[in-house]
Each structure stands twice: as structure tokens, then as C-alpha cells.
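We count ligands from 1, going down the list as the structure has it; atoms in each ligand are counted the same way.
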Amino acid sequence: MELSLRDECHRQITYLRLSITDRCNLRCFYCSPVQDLIKLPHADILRYEELLHLSRLSLRLGFNKIRVTGGEPLIRLGVENFLASLIQLPDSPEICLTTNGVLLAEKAAGLWQSGLRRLNISLDSLQRQRFARITGSDLLSRVWEGIQTVQALGFSPIKINCVVLRGLNDDEILDFARLSLEYPWHIRFIEFMPIGQLSRWRQDYYVSADDMRLQLLQLGQLEEIPSEANAGPAQRFRYPGAPGEIGLISPLSHHFCHLCNRLRLTADGRLRPCLLGDAEIDLKAPLRAGADDDTLQELIRQAVRIKPVQHHMDRDFLTPCRRSMTSIGG
Ligand SMILES: Nc1nc2c(ncn2[C@@H]2O[C@H](COP(=O)(O)OP(=O)(O)OP(=O)(O)O)[C@@H](O)[C@H]2O)c(=O)[nH]1
Ligand SMILES: C[S@@+](CC[C@H](N)C(=O)[O-])C[C@H]1O[C@@H](n2cnc3c(N)ncnc32)[C@H](O)[C@@H]1O
Ligand code: SF4
Ligand code: SF4
């Protein structure tokens, strides 16, 4: 059994993100393309047993963390059983879910029973009408109810992801930050990235993590929290005495590519070495053609070998990647 996978830059690759559907029950402004994409035919989406097989092979190669995402992962039927199967895989990988929270209240008990504990929830406004404008649906109260339900059940950590958009929600940074004074949640502010050919990206919407930090300092000093093993890309802080944390995710202004530890599997079974690059390795075709485990593992190693040193986007030089965020999974 191999113990670890390192790429050409000596980065240890341990974290696999699985997009289990390209479908979503929201149409977030910063994520959905300007015109509807053709949905992947069901037959093109990896079945749960295929996802489990590829996860098992990845864990044998040294991966130890798997995040289930989408589209919206909670709209896929049977997601609770799938999570339970992932959690029971050998070597107890860390299993996490990223969701928009719309179905959390009704699914929370089932998710808890599956063994899932780690939840990242997207929430871009605490104001009802604004939430509706950003996501296309008037569902803030349902998401809030979902967050309160998972908090009461004991899920931990609960991370709230907020993509900050100038003129749309950047005046709510302090309202979000205050949640870290009241709850043990990690409130994470994310820079808007140009993803997908039909993205609504415009420079004017972009707010840098440095600007977010300046606003955050109005509420108090920010104590830096050192990163843990397996941590994601957030720089972490805490207001003195607060039960929760603040995170800044700055893919454009201060990228974290030198620390990158991840691969992504798209809903249709392509392994992406980088979120912001278009290179992909098809695992679905060989898997369905009956490729043996060695062949599939060699393809995973190949994705690690071609991982770019870093992305090449910045605010002034943008090369939006072609695929939309919903089929990559964030
Ligand atoms: N450019 C870039 N952005 C990323 C990467 N990973 C996460 N992000 C951004 O951070 C957002 C939040 O990601 P999550 O799904 O919550 O996962 P995570 O940040 O890895 O979460 P933790 O493991 O809990 O820290 C994503 O939607 C992206 O916007 C990455 O590898 N590269
Ligand atoms: C694609 S969604 C998938 C999971 C789930 N539907 C959700 O919203 O949490 C995963 C993450 O991607 C983030 N995201 C989507 N488009 C983005 C963009 N253009 N720039 C930065 N983050 C983005 C969302 O905020 C969300 O936290
Ligand atoms: S995939 Fe997530 S971020 Fe994208 S539209 Fe759906 S809920 Fe919003
Ligand atoms: S942009 Fe690519 S290389 Fe950089 S952190 Fe994200 S996935 Fe990793």
C-alpha cells in the first residue's frame, strides 16, 4: 500500500473533492452561468458505487480527506447512504460536505445518522430580499433553520462560506463576522473567482481579502490561528474570546497554490488537477470499460503529476476556466 502522493513541487496530495451532481436548487449570481447549461444526462454522472470505488483507490494512494459537493449534493437521492459508505471506508478518512443549506433542516437527522459531522454551508446574505436576489430563491429562512438544526444536533465544525461581492453584499461583512461572536462557527469570506465561460464575473464585483480584512478590523483585533494538517485554503483568525472563527479565502489576491493538497472529480468522472485550469483526466471511460485498479490508480497519479505549480489568473489577467462551477464543485 502506498503511503503518500507527492507532486512535482513536493506538495502532498491528500484531499479529494467529489462533485456528485451538476444540478442545483439555487441559481447563485456568482456561480450560475448567464444562460442555462445543458444538464449532464443521468447516465454520464458517476454512480455511487463508481464514486466509492474511485474513493477507495484514492485512499489507498494516500488521500485521507474527501469532500462531497456539487451542484447541490443534498438533492441527489441516497446521499445519506453514500456518505455512510464513505465514512465506513478503511483508514477512517475525514469526510465533509459542502451544501447551500436549503435541504439541511429536513435532511439533518439522516446526515447525522450517516456519521457525517463536518459541514460547510454557503450563505451570502443575512437579509431576506437580498438572499433572494443573489440566489434566485426566497429561501433564507429555510437555510437559517437548517443551520440552527445542525448546530442543535452537534455537527462540528460548521463553516459558513460567503462570497463577497461589491455592491451586492459587501456591506454585510460585519454582520456575518458578528456570528462568530455568538456561535462556534467558522465564518469564511471568499474572493469572487472567474469560473466558467458564461460566468457573470466583472472586476467591479471583486473585493480583495485585504479589503475584507480592513472591514473586519472595525469589530476588533484579529488573532491569527495556525493552520492544521489537512486544512483548506482559509487564513484563519479569531476575535479575542469569540467562540467562532473568521476565515479569509483569497485565491486571486494571495493565492495558496504552494499549499494545494487537492484533486477534484467532476460529476461526470473527470479528475481535475486544478480548480482554475482546464486540464482533466477521464476516469469514467476507463472505469466503465473495466480498467483494473492499477490502471485507474496510474491515472490518478498522472493527475498529480500534471498539477500546475499555480493558477495564472489575477484581477487584470483573467483566463476563465471553461467548465462551470456546478460541475466542478467549488
Ligand atoms: N482557487 C481555489 N479556490 C478554492 C480551493 N479550494 C477551495 N476554494 C475556494 O474556497 C471555497 C470554499 O470551499 P469549501 O467547499 O468550503 O472547501 P474548503 O475551503 O477546502 O474547506 P475546508 O476543508 O473546510 O477548509 C470554494 O468554493 C472555492 O471558492 C482551491 O483549491 N483553489
Ligand atoms: C459550487 S458550490 C457547491 C456546493 C453547494 N451547492 C454550495 O453552494 O455550497 C461550492 C462553493 O463554491 C463557491 N463558489 C461558487 N462560485 C464561485 C465563484 N465564482 N467564486 C468563488 N466561489 C464560488 C460557493 O460559494 C460555494 O461555497
Ligand atoms: S452550486 Fe452552490 S454556489 Fe452554485 S448555484 Fe448552486 S448553491 Fe449556489
Ligand atoms: S488554483 Fe489550482 S493549484 Fe491553486 S490552490 Fe486552487 S486548485 Fe490548487
[X] [atom1] to [Y] [atom2] distance, which is reported to the nearest 0.5 Å:
X: F131; Y: D138; atom1: CZ; atom2: CG; answer: 8.5 Å
X: R17; Y: T266; atom1: CZ; atom2: OG1; answer: 13.0 Å
X: F256; Y: S250; atom1: CZ; atom2: OG; answer: 6.0 Å

Under a heavy-atom criterion of less than 4.0 Å, does R272 contact ligand 4? no

Provide, to 0.1 Å, the distance between [atom] and the closest protein heavy atom, together with that atom's residue and name.
atom: atom 11 (C) of ligand 2; result: G330 CA, 4.3 Å
atom: atom 2 (S) of ligand 2; result: G70 O, 4.4 Å
atom: atom 24 (C) of ligand 2; result: Y30 CE1, 3.8 Å
atom: atom 6 (N) of ligand 2; result: G71 O, 2.9 Å
atom: atom 10 (C) of ligand 2; result: G329 O, 3.9 Å
atom: atom 4 (Fe) of ligand 3; result: C31 SG, 2.4 Å
atom: atom 9 (O) of ligand 2; result: S122 OG, 2.6 Å
atom: atom 22 (N) of ligand 2; result: V163 CG2, 3.6 Å
atom: atom 5 (S) of ligand 3; result: C28 N, 3.3 Å
atom: atom 14 (N) of ligand 2; result: M325 CE, 3.5 Å

Would E50 and R47 pass as an ion pair if we require N to O under 4.0 Å? yes

Is there a donor in the side chain of N100 and an acceptor in the side chain of E72, or the other way round, less than 3.5 Å apart? yes

Side-chain donor-acceptor pair under 3.5 Å between S137 and T135, yes or no? no

Mark yes or no for whether [X], through its side chain, and [Y], through its backbone, hold a donor-acceptor pair below 3.5 Å.
X: S180; Y: A177; answer: yes
X: R200; Y: S32; answer: yes
X: R11; Y: R262; answer: no

Short list, please: which atoms of ligand 3 are under 4.0 Å from a heavy atom of N100? 7 (S)

Close-contact set for ligand 3 against T326 heavy atoms, below 4.0 Å: 1 (S)

Are any of the N/O atoms in [X] less than 3.5 Å from those in ligand 2?
X: T99; answer: yes
X: E72; answer: yes
X: M193; answer: yes

For ligand 4, which atoms have a heavy atom of R264 less than 4.0 angstrom away? 7 (S)

Is NZ or CZ of R202 both nearer than 6.0 Å to the six-membered ring centre of Y205 and within 45° of the ring axis? yes

Less than 6.0 Å separating the ring centroids of F192 and Y206? no

Output, by chain and residue number, all protein N/O/S atoms separated from atom 8 (Fe) of ligand 4 by less than 2.8 Å. C260 SG

For Q221, does the CD atom have more than 12 heavy-atom neighbours from other residues, nucleotides or ligands under 6.0 Å away? no

Note: ligand 2 atoms sitting under 4.0 Å from heavy atoms of C31 are 15 (C), 16 (N)

A student checking ligand 2 against T69 at a 4.0 Å heavy-atom cut-off should list atoms 3 (C), 4 (C)

Side chain, backbone, both or neither: C24 near ligand 3, heavy atoms under 4.0 Å: side chain

Considering the options K65, R67, R117, which one meets the salt bridge (charged side-chain N to carboxylate O under 4.0 Å, His left out) requirement together with E94? K65

For the residue pair H255 and H258, does the interplanar ring angle fall in the parallel (under 30°), tilted (30 to 60°) or perpendicular (over 60°) class? perpendicular

Student check: side-chain heavy atoms of D22 and K39 closer than 4.5 Å: yes

